[in-house]
Amino acid sequence: MGKPLRVLFIEDSEEDVLLLARELQRGGYDLIFDRVDTGAAMRAALKKQSWDLTITDYNMPQFSAPDVLSILKESGTDLPCIIVTGSQGEETAVATMKAGANDFILKGNLSRLVPAVARELRDAELRQEQRRTERAIQHLAYYDTLTDLPNRTLLQDRLQQAILSARRDGKSLALLVMDLDRFKEINNVLGHHYGDLVLQQVGPRLREVLRESDTVSRLGGDEFALLLLSIGAEGAVLTAQKILKHFLNPFVVDCLSLEVGTSIGIALFPDHGEDANNLMRRADMAMYAAKQENAGYAIYSPQHEKHNSSHLILMGDLRHAIDRNEFFLAYQPKIDLQTGSIIGVEALVRWQHPSRGLISPDQFISLSEQGGLIKPLTLWVLNAALMQCRAWHQAGLRLSVAVNLSARNLLDPQLSDQIARLLQTCELEPQWLHLEITESVIMADPARAMEILNQLSKMGIRLSIDDFGTGYSSLGYLKKLPVDEIKIDKSFVKEMSVEEDDAMIVRSTIDLAHNLGLKVVAEGVENREILDRLIVLGCDAAQGYYMSRPISPADLLGWLNHSPWGLKASKEEKAGAP
Ligand code: C2E
Ligand code: CA
Ligand code: CA
């Protein structure tokens, strides 16, 4: 068996074709061939099947090599073409080569045929390989590898095109930017594999509610953008609503059913921007507004602009806040439910902004994380809290102090050394420091977090899981961590008296935690009734507005003297005080 070769001969002489065919067969080719001698027949043959090579005569009664070359060109097949002719001048040879012929062979010198064919096949193969690579590179440049959706570059291209034609036709269009609401949690808790699978389902799901002409693109991370052509505000809102409704169905990934919400920002051409950049920016701002207001979707409004730039200004101010001494700590008492007296406090940071007044941590903690400021901020809080703790201890108040850590802190290899040094400076035993960590903080990088948690725990610092119940992890998993305590999230505690489900969650969490040897703190206790129920359920400690809001150290002294939970503690402690 020879090498298979499919040749289309363009030749008026049957005999010549047989001669050439024999030559090729002798050269080791297994030939499939056809012969045509008119333009129409050649076009038909090219359509009928694919070929590896064409070999053409120069002059035929109804046809000639230049015609052959132009038909090949128009077919776009990139088939090699070798001219085999009785006699033609050198000039013709050069001209046809220029016109795209690959070689020019005289019938009297057929020994050149086989090597020429071999070379042409090899070159064609190389060209094809190169085209494949170019296509792949092109694809990489314009499509997202994970989801195979158009990427930001292609979206921007299409948006620019769409703006041009909308302007020409006097039409409007909409750009929707959306991101997924619980995505980080899925990634952190279940792993990137699940995150990736969810992202891959987003495109097809969006397609189900969009028109063929709309573009779905992945901008990066969990951010997607939609380009909707010939649509106004009303249509865009309708589409956003459809998407939101469609996202109520959970995503099923490896038998797990995951709820993934989304927030959508809408910007319209020409109302909200005349060029692609502006539209992108404004759709993005609207998306942030939708997220912040928990509204599902939002259409761009100039107000979003103010909000957004105020974030930036705030971020700038944050950089100087430590130096300018604008942070302070409020302390919220933690009550032991068996003795009914205070056992410690949680330190909660506040920002006294020079012009904006008091800013709550919910407004600046994540901003500090984004701005890379969380390490110095945490260090400041730890230092201030431990200094205060020392002052209490020196006054005979043996209170523990709890400090909240954020995700970045737990990835910081210097953290435990820094804490050890602070404890030494304050001459405090480590058990007086509690660190509160949310589950998602641990799940961000479980291996590294575990290592640092182990270091902290070995030092004798007590660790609590904060906001328990809002994440995905089970108590069983938490038991693998060196934690001492869980804090049931206030959302369950607050609703305990009205929502039986929440009461159930609190009850079973307390039982399970006790079985695992963990202490349980309930946070968000806002009334007597809930406090009483927690005592009945055997909860170990409680924190909440009912006992005290977070307050200054000075107010805490007053509270210790006057509140039913403070007096006992202060009496006991005062007895042992120097
Ligand atoms: P968290 O750790 O869950 O802190 C408890 C939050 O619930 C505090 O809000 C507290 O004022 C509030 N709270 C306490 N009792 C009740 C109650 O009975 N009812 C209600 N509705 N709320 C109650 P705050 O001080 O605004 O802190 C918010 C969050 O900011 C904290 O949540 C914590 O995650 C974070 N945070 C505060 N200080 C720091 C800090 O120094 N570092 C870090 N990384 N995060 C902090
Ligand atoms: Ca906390
Ligand atoms: Ca909490």
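Both ligands and their constituent atoms are indexed starting at 1 by order of listing.
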J.: Can you list the ligand 1 atoms lying under 4.0 Å from a non-hydrogen atom of Val349?
T.: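 Within the 4.0 Å cut-off of Val349, ligand 1 contributes 38 (N), 39 (C), 40 (C), 41 (O).
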J.: Tell me which one of Glu346, Gln363, Lys490 gets a heavy atom nearest to atom 7 (O) of ligand 1.
T.: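 Answer by nearest heavy atom: Lys490.
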J.: Tell me the nearest of Arg350, Glu523, Gln332 to atom 15 (N) of ligand 1, using heavy-atom distances.
T.: Gln332
J.: Kindly write out the residues that satisfy side chain to side chain contact (heavy atoms under 4.5 Å, CB included) with Ser301, not counting sequence neighbours, or none if the list is empty.
T.: Gln303, His304
J.: With heavy-atom distances below 4.0 Å as the criterion, list the atoms of ligand 1 near Pro361.
T.: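 What qualifies from ligand 1 is 24 (P), 25 (O), 26 (O), 27 (O), 28 (C), 30 (O), 36 (N), 37 (C).
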J.: On the 0 to 90° scale, with breaks at 30° and 60°, tag the Phe327-Trp380 ring pair as parallel, tilted or perpendicular.
T.: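 Tilted: the ring planes of Phe327 and Trp380 meet at 30° to 60°.
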J.: Given 3.5 Å as the limit, does a donor-acceptor pair link the side chain of Thr262 with the main chain of Asp179, or not?
T.: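 Judged by distance alone, yes, a pair lies under 3.5 Å.
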J.: Counting only N and O atoms by type, is there a donor-acceptor contact under 3.5 Å from the side chain of Arg462 to the main-chain atoms of Gln431?
T.: no
J.: Below 3.5 angstrom, do we get any N/O pair linking Tyr546 and ligand 1?
T.: no
J.: Taking the six-membered ring for Trp, are Tyr331 and Trp559 closer than 6.0 Å centroid to centroid?
T.: no
J.: Compare Asp467, Val381, Asp489, Thr438 and give the one whose heavy atom is closest to atom 3 (O) of ligand 1.
T.: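 Among Asp467, Val381, Asp489, Thr438, the closest heavy atom to atom 3 (O) of ligand 1 belongs to Asp467.
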J.: What atom name does the N, O or S atom of Glu346 nearest to the Ca ion (ligand 2) carry?
T.: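 Among the N, O or S atoms of Glu346, the one closest to the Ca ion (ligand 2) is OE2.
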J.: Restricting to N/O/S atoms, is Glu523 within less than 3.0 Å of the Ca ion (ligand 2) or not?
T.: no
J.: Using the Ca ion (ligand 2) as the apex, give the angle to atoms OD1 (Asn404) and OE1 (Glu436), rounded to 10 degrees.
T.: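 About 100°, to the nearest ten degrees.
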J.: Can you find a side-chain donor-acceptor pair between Thr147 and Gln200 that sits under 3.5 Å?
T.: no
J.: Quick one: does Arg549 get within less than 4.0 Å of ligand 1, heavy atoms only?
T.: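 Contact absent.
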J.: Would Tyr194 and Phe183 count as a close aromatic pair, with their ring centres under 6.0 Å?
T.: no
J.: With sequence neighbours excluded, give me every ring-ring contact (aromatic ring centres under 6.0 Å, His included) pair touching residues 397-440.
T.: His393-Trp432
J.: Is there a donor-acceptor contact under 3.5 Å linking the side chains of Gln332 and Glu346?
T.: no
J.: Going by the order shown, which atoms of ligand 1 are within less than 4.0 Å of some heavy atom of Pro550?
T.: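 Ligand 1 atoms under the 4.0 Å threshold to Pro550: 11 (O).
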J.: Salt bridge check, Arg528 against Asp532: does any charged N sit closer than 4.0 Å to a carboxylate O?
T.: yes
J.: When you look for heavy atoms under 4.0 Å from ligand 1, do you find them on the side chain of Ile365, its backbone, both, or neither?
T.: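 Side chain only.
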J.: Could you tell me, atom by atom, which parts of ligand 1 come under 4.0 Å of a heavy atom of Ser406?
T.: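 Contacts of ligand 1 toward Ser406, numbered from 1: 44 (N).
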J.: Under 3.0 Å from the Ca ion (ligand 2), is there any N, O or S atom belonging to Asp466?
T.: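 Checking the Ca ion (ligand 2) against Asp466, an N, O or S atom does fall under 3.0 Å.
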J.: Mark the output for Glu526 as yes if a heavy-atom distance to ligand 1 is under 4.0 Å, and as no if none is.
T.: yes
J.: Using distance alone, with no hydrogens and no angle criterion, decide if Asp362 and Ser360 have a side-chain donor and acceptor under 3.5 Å apart.
T.: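 Short answer, no.
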J.: Hey, which atoms in ligand 1 end up nearer than 4.0 Å to a heavy atom of Val525?
T.: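 Close to Val525: 18 (O).
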J.: Near Asp362, which atoms of ligand 1 are under 4.0 Å from a heavy atom of that residue?
T.: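 Ligand 1 atoms under the 4.0 Å threshold to Asp362: 28 (C), 29 (C), 30 (O).
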